[in-house]
Asks: 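Pasting a structure here, questions to come.
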Amino acid sequence: MATERTFSIIKPDATRRNLTGRINAKFEEAGLRIVAQRRAHLTQAQAEAFYGVHRERPFFGGLVTFMTSGPVVLQVLEGEDAVAANRRIMGATNPANAEPGTIRKEFAEDIEANSVHGSDSAENAATEIAFFFKPEDIVG
Ligand code: CMP
């Protein structure tokens with residue numbers, strides 16, 4: 001296993017309920033380091049571009065509305081096997097299917113308001129990190 005980086009978003013349902021610290025504790029307790037972090041309110045254009053791969057899906061419009069409904073926290077997480085590790089820490093996309101102890105099992109409201117986003121591959125992680133962060137803003 002190698003040290004790698006993944007991209008994470010703490011979503012508006014979680015910032016609204018003031019859960020940033022409890023979610024970050026899950027990452028850190030599992031051995032991931034938060035090597036970049038910025039709070040932002042996404043524009044419609046940013047949300048549409050970021051989720052462009054889902055443009056044809058029936059949930060796309062609702063997803064963009066939700067992701068622009070309040071502040072998010074944009075993050076780069078670093079650690080051993082970080083992409084897969086973060087996916088384990090988050091749990092299944094639908095909280096109804098998430099394992100006990102995962103972020104989505106504990107905090108998510110439903111499949112859309114599911115508290116966190118995490119990259120699904122190392123390749124997508126690199127693209128998603130570059131979408132929001134300059135290299136000098138990531139301090140490992
Ligand atoms: P995320 O990991 O951010 O990637 C796409 C998002 O679309 C997903 O998490 C969910 O928040 C959202 N979404 C809403 N409805 C669905 C659905 N039916 N299937 C998958 N993702 C959905």
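One-based numbering, in listed order, for ligands and for the atoms of each.
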Asks: Check the pair His117 / Met67 against side chain to side chain contact (heavy atoms under 4.5 Å, CB included), numbers first and verdict last.
Replies: CA-CA 11 Å; His117 164 82; Met67 289 300 290; 5.6 Å; no
Asks: Taking the minimum heavy-atom distance to atom 10 (C) of ligand 1, which of Asp13, Ile111, Asp120, Val116 ranks first?
Replies: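 Heavy atom nearest to atom 10 (C) of ligand 1 belongs to Ile111.
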Asks: Under 3.5 Å, side chain of Gln75 to main-chain N/O of Ile10, donor-acceptor pair present?
Replies: no
Asks: Counting heavy atoms only, which of Met90, Arg87, Lys11, Met67 comes nearest to atom 8 (C) of ligand 1?
Replies: Lys11
Asks: So, is Thr93 polar-close to ligand 1, with some N/O to N/O distance under 3.5 Å?
Replies: no
Asks: Closest non-hydrogen protein atom to atom 2 (O) of ligand 1, residue and atom name please, with distance?
Replies: His117 ND1, 3.2 Å
Asks: Identify, for atom 21 (N) of ligand 1, the protein heavy atom at the shortest distance, and state residue, atom and that distance.
Replies: Phe59 CZ, 3.7 Å
Asks: Taking Glu109 first and then Arg17, would you say they form a salt bridge - that is, a charged N and a carboxylate O separated by under 4.0 Å?
Replies: yes
Asks: In this structure, are over 12 heavy atoms from other groups packed under 6.0 Å from Glu123 atom CD?
Replies: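 No.
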Asks: Would you say ligand 1 has an N or O under 3.5 Å from any N or O of Arg57?
Replies: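 No; every N/O pair is 3.5 Å or more apart.
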Asks: Indicate yes or no for a side-chain donor-acceptor contact from Lys26 to the backbone of Gly101 under 3.5 Å, with no hydrogens or angles considered.
Replies: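 A pair under 3.5 Å: yes.
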Asks: Could you tell me whether Tyr51 approaches ligand 1 through its side chain, its backbone, both or neither, with non-hydrogen atoms closer than 4.0 Å?
Replies: side chain
Asks: Take a 6.0 Å sphere around CD of Glu80 and say whether it holds more than 12 heavy atoms from other residues, nucleotides or ligands.
Replies: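 Above 12, so yes.
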Asks: Which atoms of ligand 1 sit under 4.0 Å from any heavy atom of Arg104?
Replies: 2 (O)
Asks: Ring centres of Phe7 and Phe50 under 6.0 Å apart?
Replies: yes
Asks: Nearest protein heavy atom to atom 12 (C) of ligand 1, by residue and atom, and its distance?
Replies: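 Going by distance alone, atom 12 (C) of ligand 1 is nearest to Leu63 CD1, 3.7 Å.
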